[in-house]
Amino acid sequence: MAHAAVSTPGDRKNRNKAGRGRKKNIFEAYLSKEDVSAGLKRGELIQGPLRINPKKYHEAFIPSPDGARDIFIDGVVARNRALNGDIVVVKLLPKEQWKVIKPDGNDKETEATHESEVPEEQLRTCLPRATVRGDADSPDVIIEAQFDDNEAENGQENLPNMLAEDIKKLSVEANEKVKDAESGGMQGAKPEDLPKVNDPRLLPDRLLQRTAKVVYILERKHSRAVTGFIKLLADKNSELFKKCAMFSPVDHRVPRAYVSLADCPPDFMTRPEDYSNTLFICRIVDWKEDSNFAIGQMTKSLGQAGEIEPETEGILTEYGVDFSDFPQEVLACLPQRLPWVIPPEELANRRDLRKECIFTIDPSTAKDLDDALSCKQLADGNFEVGVHIADVSYFVLEDTALDKLASERATSVYLVQKVIPMLPKLLCEELCSLNPLRDRLTFSVLWKLTPEGKILDEWFGRTIICSCVKLSYDHAQSMIECPEKVLSPEELPPISPQHTTEEIHWAVLNLHRIAKQLRKQRFIDGALRLDQLKLSFTLDKESGMPQGCYVYQYRDSNKLVEEFMLLANMAVAHQIYRSFPAQALLRRHPPPQTKMLNDLMEFCDQMGLGIDFSSAGALHKSLNETFGADKYSEARKAVLTNMFSRPMQMALYFCTGVLKDETLFHHYALNVPLYTHFTSPIRRYPDIIVHRLLSASLGSGRPVRLRKEAIQEQADHCNDRKMASKRVQELSADLFFSVFVRECGPLESEAMVMGVLNEAFDVLVLRFGVQKRIYCNALPLVGFHFQKVGKKPELTLVWEEETPKQEAAHQVITLFTLVDVVLKADNAPLKYSAVLKRPGPESE
């Protein structure tokens with residue numbers, strides 16, 4: 001569409017008032033690049049990613065470089081037109097303007113709601129790789145979680161963070177002294193407890209939070225694209241009314257914007273009510289120093305708010321996901337002569353494993369099969385185990401149009417109902433996918449292992465395989481659970497005539513036994529895993545609407561695949577770092593944030609929970625030994641797992657030549673010195689770079705030409721796109737769950753309390769793994785009372801009588817309390833609430 005230029009009232013006022021001086025600016029002008037560079041070098045300025053609180057958009061934060069309490073940026077003016085996720089440069093305000101923190105409490109406003117959409121943020125949550133890959137025989141499409149090696153290595157990223165803005169940092173200190181922003185209530189902190197001074201300069205730094213203002217935007221990470229609604233301007237008599245409409249973003253952290261009426265639907269002026277529920281996409285193109293409102297450019301009408309496809313397109317656009325068709329110059333890089341066959345010279349250059357018993361284990365609906373496994377017993381009682389990964393770098397050659405686009409996309413994005421692929425379908429689902437009974441090019445790691453999983457020998461190389469069967473996780477699980485029962489050919493997908501069901505059965509069982517040993521040893525060696533509840537959906541085949549929703553079960557068959565993928569990734573990390581110490585692309589996981597970890601340690605201490613935070617392994621051990629064996633022990637574990645995830649930082653790709661200190665290469669959750677991603681090149685670009693490095697290290701590929709700075713630049717981009725895709729996956733699940741509640745609700749479930757405030761409490765809804773906040777003032781209560789019992793926060797709810805003869809019911813709410821809730825759709829699109837059910841007689 002043709003876009004009309006918009007001039008704001010400020011522009012015209014300034015022109016009209018030329019003789020009387022300019023209109024006063026609302027925002028400060030940005031510093032020059034030179035001043036910023038000098039200020040950063042001198043330590044007078046600080047840079048970091050901006051987080052804006054989604055609940056209270058006037059609050060923003062950047063991480064403190066020393067890992068202490070975040071730096072607070074108070075108000076839209078101090079934020080100076082920066083958007084969420086931007087890398088900003090800030091200047092600290094004078095000490096008299098720093099924020100005073102209650103000396104004996106955790107002020108709710110001193111930390112942002114940690115939400116995982118920010119590129120450098122410590123993402124705490126992620127979704128299963130979920131894809132919709134329909135099957136003609138099945139009435140419905142089951143969306144099944146597929147193994148993602150990030151889940152094991154990040155230790156904390158396994159939670160579908162439903163409606164993330166409802167989830168707040170748990171109150172981790174004296175809750176009665178918390179200022180609960182939603183209720184505005186303050187209890188417990190008596191005036192005499194507080195310092196008698198109002199001047200922050202007279203207080204010790206531990207009672208202060210530094211405040212700052214944005215003086216420069218170093219990098220505009222936010223896409224500047226946003227979904228929202230259009231409205232007529234309020235002042236019908238203004239000159240602007242005839243030229244502009246007001247665009248109101250759904251995300252309140254983005255400013256409202258003037259948009260040209262010429263870009264709005266033709267009948268919008270006369271029938272604005274027809275568009276009250278229509279979602280549009282707008283790009284923020286400018287934001288002048290003298291205006292509260294940005295200038296936007298309307299780019300598209302999406303459709304009705306609350307419907308799956310318009311909302312999905314809005315999510316993808318906001319997070320900069322390229323979902324366009326692959327252009328012709330990219331498709332021209334693919335083999336043009338089909339069906340494609342492996343050239344004879346390629347056969348000569350590779351180790352031929354086509355006669356080996358090699359198979360894939362994936363969700364039943366998977367189409368992009370990256371990895372295959374093999375296991376055969378040797379005469380000496382040891383095993384030869386192989387991990388065979390699709391050789392994507394054979395097809396994606398450096399510096400081609402295909403390579404360039406793959407590097408820009410950096411990752412496939414898995415929505416609930418579909419995949420936005422990194423590579424064209426011909427590669428994803430055909431030539432690179434390790435489909436059964438098809439010769440495929442692979443990169444293999446072969447080990448000689450003892451039955452206990454000790455590595456005796458290791459080999460890397462380019463290979464050719466022919467998978468003998470495509471197993472699902474269910475097939476492999478059946479073999480593990482019934483080791484004596486060999487499945488009949490009718491119970492399995494088609495098998496290569498060269499191999500028997502018994503051969504496959506024993507290979508799976510032997511892999512499972514070795515995997516158990518590897519896993520046991522990993523945790524003895526100090527690894528951490530924080531398993532959180534994650535959602536899967538059943539979709540109606542015709543309408544695509546969610547029909548069912550369940551918590552995905554992570555079983556031994558998933559663990560089997562995970563162990564060997566981790567082993568391969570670690571082996572390749574050592575190989576490429578040995579060969580290219582300045583150019584290896586690895587993956588590091590920094591230790592938890594100090595400030596948040598200290599808060600959590602204090603909280604656990606107050607709650608009487610004996611948790612050892614000294615290392616990743618100690619934390620894992622504590623988590624798995626604290627909960628008893630009753631049927632709610634898993635729920636208590638899920639609540640604590642969620643808490644422990646919060647201080648965790650995000651694992652990051654990096655180039656070894658750029659990071660001088662080798663101790664920083666360490667992977668906290670896996671507790672290993674070197675780690676990388678090698679096993680998913682169909683859906684992750686870093687794995688393609690790693691394949692090229694591995695190939696060069698073996699002398700079978702082109703030498704590595706990329707400079708370390710270029711590899712680091714690509715690593716940074718992959719980190720950004722990975723975090724954006726994770727956030728998109730979360731929002732896709734949010735969307736489907738909200739639609740599920742609307743279409744299939746109200747939904748009843750048990751829930752467990754995971755945080756108590758003075759006028760509200762947070763619960764984990766056990767049936768669905770979602771988290772919601774319940775406000776006391778929304779319940780039919782006679783009253784409620786907050787107190788500390790010892791150091792534990794406790795809310796007592798007094799329910800109204802349902803009948804005249806009935807006495808008021810008292811219900812005590814504290815950490816780990818079990819309650820019954822009902823999830824109900826609200827009037828607004830995609831919003832739902834958790835309503836607490838009145839307790840039965842036995843819980844009073």
Side-chain angles (χ1 to χ4, degrees), residues 128 131-147 353-379 381 383-388 390 429-430 433-440 442 449 451 464-517 519 536 538 541 548 550 552-565:
T131 52
V132 93
R133 302 149 171 156
D135 179 52
D137 304 323
S138 63
D140 299 303
V141 182
I142 304 291
I143 309 304
E144 186 179 358
Q146 180 162 333
F147 166 73
L353 301 176
R354 286 176 292 179
K355 289 190 167 63
E356 300 293 329
C357 178
I358 296 173
F359 46 86
T360 58
I361 304 175
D362 287 280
S364 55
T365 48
K367 287 184 179 175
D368 52 351
L369 313 181
D370 283 294
D371 53 271
L373 292 163
S374 61
C375 180
K376 66 180 179 186
Q377 190 152 13
L378 303 172
F383 293 89
E384 183 185 86
V385 171
V387 167
H388 314 276
E429 297 182 11
E430 293 293 332
S433 185
L434 306 183
N435 298 332
L437 314 181
R438 293 276 183 276
D439 290 358
R440 289 289 178 257
T442 43
L449 296 174
I464 299 173
I465 69 162
C466 180
S467 169
C468 64
V469 67
K470 178 193 172 186
L471 297 176
S472 70
Y473 282 120
D474 287 337
H475 295 132
Q477 190 64 28
S478 296
M479 295 175 189
I480 291 165
E481 288 176 3
C482 305
E484 304 309 316
K485 183 193 172 218
V486 176
L487 295 176
S488 66
E490 294 75 40
E491 295 173 276
L492 291 171
I495 295 175
S496 160
Q498 294 183 1
H499 301 282
T500 64
T501 53
E502 286 87 355
E503 193 179 354
I504 295 160
H505 181 86
W506 285 108
V508 169
L509 287 182
N510 285 327
L511 285 170
H512 168 61
R513 286 172 190 141
I514 298 167
K516 270 173 57 177
Q517 295 296 324
R519 191 176 184 84
S536 291
T538 315
K541 204 167 171 194
Y550 56 95
Y552 183 71
Q553 294 299 307
Y554 183 77
R555 300 174 297 175
D556 285 342
S557 54
N558 303 82
K559 293 174 185 175
L560 181 162
V561 174
E562 176 181 283
E563 285 309 314
F564 290 107
M565 298 305 117

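Counting from 1, the numbers follow the sequence of the chain as shown.
Using a distance-only test at 3.5 Å, with no hydrogens or angles considered, no donor-acceptor pair links the side chain of Gln377 to the main chain of Phe383. Of the possible donor and acceptor atoms, one in the side chain of His505 sits under 3.5 Å from a partner among the backbone N and O of Pro483. Using modelled atom types, no side-chain atom of Asn558 and backbone atom of Tyr554 make a donor-acceptor pair closer than 3.5 Å.
With contacts defined as side-chain heavy-atom distances shorter than 4.5 Å, the pair Thr442/Ile464 does not qualify. In this structure the side chain of Glu430 never reaches within 4.5 angstrom of the side chain of Arg438, judged on heavy atoms. Residues Leu373 and Met565 have side chains in contact (heavy-atom distance under 4.5 Å, counting atoms from C-beta outward). Between Lys516 and His512 the shortest side-chain heavy-atom distance falls below 4.5 Å. Using a 4.5 Å heavy-atom threshold, the side chains of Leu449 and Ile514 count as touching.
Of the inter-residue distances, the one linking Ile480 atom CD1 with Arg513 atom CZ reads 10.0 Å to the nearest 0.5 angstrom. Here Glu503 contributes atom CD and Cys357 contributes atom SG; the two are 4.0 Å apart, rounded to the nearest 0.5 Å. A distance of 11.0 Å separates OG in Ser557 from CG in Asp362, rounded to the nearest 0.5 Å. Within the model, atoms CG of Leu487 and CD1 of Ile504 stand 10.0 Å from one another, a figure rounded to the nearest 0.5 Å. Separation of atoms CG (Leu560) and CG (Leu509) is listed at 9.5 Å; rounding is to 0.5 Å. Atom OG of Ser467 and atom CD1 of Ile495 lie 10.5 Å apart (nearest 0.5 Å).
Salt-bridge check for Asp439 with Arg354: passed, with a basic side-chain N closer than 4.0 Å to an acidic carboxylate O. The pair Glu481-Arg555 fails the salt-bridge criterion, with no side-chain N (NZ, NE, NH1 or NH2) lying under 4.0 Å from an Asp/Glu carboxylate O.
No donor-acceptor contact under 3.5 angstrom links the side chains of Ser496 and Gln498, judged on distance only. For Asn435 and Ser433, the side-chain atoms include at least one donor-acceptor pair closer than 3.5 Å.
Looking at every heavy atom in both residues, Ile358 comes nearest to Leu353 through CD1-O, 3.8 Å. The minimum heavy-atom distance linking Ala372 with Thr360 is given by the pair CB-CG2, 3.9 Å. For the residue pair Leu437 and Cys468, the shortest heavy atom distance occurs at CD2-O, 3.9 Å.
Of the residues Pro494, Pro436, Pro493, the one that meets the side chain to side chain contact (heavy atoms under 4.5 Å, CB included) test with Val469 is Pro493.
Glu491 CD: more than 12 foreign heavy atoms inside a 6.0 Å radius.
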Exercise for review: Before giving the answer on side chain to side chain contact (heavy atoms under 4.5 Å, CB included), spell out for Glu356 and Ile465 the whole-Å C-alpha distance, their side-chain angles and the decisive distance to 0.1 Å.
Suggested key: CA-CA 8 Å; Glu356 300 293 329; Ile465 69 162; over 6 Å; no

Point to revise | Audit row: Ser374, Val385, side chain to side chain contact (heavy atoms under 4.5 Å, CB included) steps and yes/no | key: CA-CA 6 Å; Ser374 61; Val385 171; over 6 Å; no

Point to revise | Leu511/Phe359 under side chain to side chain contact (heavy atoms under 4.5 Å, CB included): CA gap, chis, key distance, verdict | key: CA-CA 12 Å; Leu511 285 170; Phe359 46 86; 3.8 Å; yes

Practice item. For side chain to side chain contact (heavy atoms under 4.5 Å, CB included), just list the numbers for His475 and Ser472, CA-CA rounded to whole Å, side-chain angles, deciding distance to a tenth of an Å, and then say yes or no. Key: CA-CA 5 Å; His475 295 132; Ser472 70; 3.1 Å; yes

